[in-house]
Every structure is written in C-alpha cells, then in structure tokens.
Amino acid sequence: MSHYHLPHNHGQNIERVLERMPPSDAFQTTAATFHHLGDPTRLRILWLLCHSEECVCNIAAAVGMSDPAVCHHLRILKKSGIIESHRDGKEVYYTLADTTQAKLLHRTIDALFEITCPTD
C-alpha cells in the first residue's frame, strides 16, 4: 500500500519512482548549484577552470575583471564544491574539483557550447 495517497492511479507505477526520490535537502543543494551557475561570469570562469588550472590574476585577465571581483566568484564556486584550490608559495591555483558531479558539469558545459574539450 502506498503511503503517498496519490489522488489518481494511472498505472504508471509512480509509487516506485517516488520510493527512489532523493530527500528534500538534496534538491536544495542541487538548486543552489544551478543558481551559482546561473551567473554568466561564473559560467565563464568555470569553463576556463574545466580546461586549465589557473591563478586569480590569470583568470581576472582572461575574463576582463578585477582580482577582487574574480575572487568573489571563485568563493561561490568553491563553496558549491565545483572547484578546488591549492597554494603554491604566494599563488593560489584553482581548477575543477575532482568529483563526479564537477566532471559531469564539465561534460555538460562542453556539450552546451558544442565544443571539443581543448585538453582531450
């Protein structure tokens, strides 16, 4: 017996689908990630970091922004878990995070822009 109390049964086994639905907080997290990617500047920065590890100065020059403005966007992307950073002396380098989700975003971004990854 279903505990969803659906008003109609159309014979499509929605109960089986609902049993596998992720919890509400997973949807909140995913929505926040998409929200962060909804900014064109962050999307440009992410595209760059999908294909190259870079420091703030180079990212700022590449996207035509100030270092502080780029740092703001990098903080948001890093908080989302999409990118990661490491320090080498005084420089901090950023790159795509080594996660399944970040790699999927890389493939998705490349597909959306209909390009071939320059590093393949």
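Positions are given from 1, in the same order as the sequence printed here. These numbers come from a predicted model, not from an experiment.
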**Asked** Looking only at heavy atoms, which two atoms of H106 and C50 are closest? And how far apart?
**Response** CE1-O, 3.5 Å
**Prompt:** So which of T41, L74, D39, I83 actually passes side chain to side chain contact (heavy atoms under 4.5 Å, CB included) with L46?
**Reply:** I83
**Sidechain-backbone polar pair: R42 side chain, H73 backbone, donor-acceptor under 3.5 Å** = no
**Asked** What is the distance from atom NE2 of H86 to atom OG1 of T95, rounded to the nearest 0.5 Å?
**Response** 7.5 Å
**Nearest heavy-atom neighbours spanning A60 and D67** = CB-OD1, 3.2 Å
**Prompt:** Quick one: CG on L105 to CG on L43, what's the gap to the nearest 0.5 Å?
**Reply:** 9.5 Å
**Request:** Return yes if some donor-acceptor pair links the side-chain N/O of H35 with the main-chain N/O of A31 below 3.5 Å, else return no.
**Result:** no
**Item:** From CA spacing to verdict: side-chain contact (heavy atoms from CB on, under 4.5 Å), L49, I59
**Value:** CA-CA 9 Å; L49 296 178; I59 297 167; 3.8 Å; yes
**Prompt:** Would W47 and Y94 show up in the same hydrophobic cluster when neighbours are defined by side-chain heavy atoms closer than 4.5 Å?
**Reply:** yes
**Prompt:** Mind checking whether I109 and I76 sit in one hydrophobic cluster, side chains of I, L, V, M, F, W, Y counted as touching below 4.5 Å?
**Reply:** no
**Message:** Are more than 12 heavy atoms, taken from residues, nucleotides or ligands other than D98, located less than 6.0 Å from that residue's CG atom?
**Reply:** no
**Request:** Given side-chain contact (heavy atoms from CB on, under 4.5 Å), test I82 with L37 step by step and report yes or no.
**Result:** CA-CA 10 Å; I82 299 169; L37 292 175; 4.0 Å; yes
